[in-house]
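Down below is the structure, laid out as structure tokens.
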Protein chains: 2
Amino acid sequence: MVTKEKRADAQRNIAAIVDAAIDCLSRDPNASTSEIAKAAGVGRVTLYGHFPSRADLLDAVFLHAIEGGEAALGQVDLTGDPREALTRLIESSWHLVDRFRSLLVAAQDALPPGRIRELHADPMVRVERLIERGRAEGVFRTDLPTSWLVGAMHSVMHGAADEINANRLTPDKAATYITATVLAAFTPPGKPVPAS
Amino acid sequence: MVTKEKRADAQRNIAAIVDAAIDCLSRDPNASTSEIAKAAGVGRVTLYGHFPSRADLLDAVFLHAIEGGEAALGQVDLTGDPREALTRLIESSWHLVDRFRSLLVAAQDALPPGRIRELHADPMVRVERLIERGRAEGVFRTDLPTSWLVGAMHSVMHGAADEINANRLTPDKAATYITATVLAAFTPPGKPVPAS
DNA sequence: AGTAACTCGAACAGTGGTGTTCGACAAGAG
DNA sequence: CTCTTGTCGAACACCACTGTTCGAGTTACT
């Protein structure tokens, strides 16, 4: 270990700051460092002691969120019928998208361009693999690029979050609607859309 | 007319400001009033003379953009096969979404909540009508709410704009991908996805 | 117990925006 | 031609946020 071990209370505070930041930024992507520090029960100076700048903080927070999401998504069973596997994956992904949507906005204009996609790389390949397998088995369409299909799935989930935010959709129905829409969108031309 | 006629040069400047605002905000949603005034070839004071606050300016700009879009969309032929009509509508809508995407972001955190949806009302009903007709004719699915289908279509278009922005998609292919995806997503369960 | 690491609040400087005021000046309308 | 309306730049007050400094106090390691 090149970096010296931080003292116990310092580690505790860092964790508290990151947690508070996720909480605050989820409510308001423009939350100030003052708000976050206060929410963490910590002085603003302490925050800057651990994170040199707001951008550094956001990077750490985003990384933490991604790692948490990865852990959840890693437990999803992706074997068997690709359509059923995708349904399970959407069910899990959806909650993450819904929770961290606002945080993504905060990251978008604070982190250097490309950094977000870089951190999203691992979750991405999981979806890509599943889609590739579905295409090989003939249940997903091959007339559109895989990257487009991944993007479309993301778009629909983000759209659902917006609809909820506007009170035009209740959270309990979201997952059902999303899977119905995505499964249809992924169906190869000429083949029938699977019944829910 | 209750409001007195503005002088000719004032009207000219107002138009110039609105045009410049659309231009600047399309590049950067956080463009300042100084930038906009400069781009309009006008003093900052003049801008505030016509628009009491930044929010008022944004409202006017957004309204102007919507009206322009409405004019373009009004000329689209929505008769005949609903799927072909939807294809034509997407083709036209897509260019608008792509151009005004950034402006929407600017409006989102400057206009009061609900105001954006309020201004989008007219374009909305056009899409809703077409979808309703497609459902009645049995070519669009009825197992999901119309409002959800409208939202999904919007989401996919916005997603396409993001993909272009990240250099993962070229603008010429966008319309094709979007229509292929949306038409599949709108297909009733059990019925075959239309071939492109 | 002693020392190094950490925390805290208050205060400061710097930045970048919004909205206003002033007085001189230009341009359209009648 | 005259008068109203509009324009302009510079300067100002204001606000919210970022990031830093200071000195005094507190907490954890050994």
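Chain A is the first sequence line, chain B the second, and so forth, proteins listed ahead of strands; every chain is numbered from 1.
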Select one nucleotide: of [options], the one nearest the side-chain heavy atoms of [X].
X       : options                : result
A:Arg7  : D:dA28, C:dG28, C:dT20 : D:dA28
A:Arg44 : D:dC29, D:dG19, C:dA10 : D:dG19
A:Ser53 : D:dG19, C:dG19, C:dA5  : D:dG19

Side-chain ion pair, B:Arg115 and B:Glu118, N-O less than 4.0 Å: yes
Taking A:Arg126 first and then A:Asp122, would you say they form a salt bridge - that is, a charged N and a carboxylate O separated by under 4.0 Å? no
Okay, side chain of A:Ser102, backbone of A:Leu25: is any donor-acceptor separation there less than 3.5 Å?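 Between the backbone of A:Leu25 and the side chain of A:Ser102 there is a qualifying donor-acceptor contact (under 3.5 Å).
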Report yes if some heavy atom in the side chain of B:Leu104 is under 4.5 Å from a heavy atom in the side chain of B:Phe100; otherwise report no. no
Any A:Phe62 side-chain heavy atom under 4.5 Å of A:His120 side chain: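 Side-chain contact under 4.5 Å: yes.
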Between [N] atom [atom2] and [X] atom [atom1], what is the distance in whole Å?
X       : N      : atom1 : atom2 : value
B:Lys38 : C:dT18 : NZ    : P     : 13 Å
B:Tyr48 : D:dC12 : OH    : C1'   : 14 Å
B:Asp9  : C:dG28 : CG    : P     : 6 Å
A:Leu47 : D:dT20 : CG    : P     : 12 Å
A:Lys6  : C:dA4  : NZ    : C1'   : 14 Å

Do the side-chain N or O atoms of A:His50 get closer than 4.0 angstrom to the phosphate oxygens (OP1, OP2) of C:dT7?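 Indeed, a polar side-chain atom of A:His50 lies that close.
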Within the pair B:Arg54 and C:dT18, is there a side-chain N or O less than 4.0 Å away from OP1 or OP2?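 B:Arg54 to C:dT18 OP1/OP2: side-chain N or O found under 4.0 Å.
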Near-strand residues of residues 10-36 of chain B, defined as heavy-atom separation under 4.0 angstrom from DNA chain C: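 Nucleic-acid contacts, sorted: B:Arg12, B:Ser32, B:Thr33.
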Heavy-atom nearest nucleotide on DNA chain C for B:Val45 versus A:Thr46: which residue maps closer to 5'? A:Thr46
For A:Lys38 and A:Glu35: C-alpha separation, side-chain torsions, deciding distance, then whether salt bridge (charged side-chain N to carboxylate O under 4.0 Å, His left out) applies. CA-CA 5 Å; A:Lys38 189 176 297 176; A:Glu35 289 181 66; over 6 Å; no
Could you go through residues 10-18 of chain B and list every donor-acceptor pair under 3.5 Å that involves a side-chain atom there, pairing it with any protein atom two or more places apart or in another chain?
unit_1	atom_1	unit_2	atom_2	d
B:Gln11	NE2	B:Lys6	O	3.0

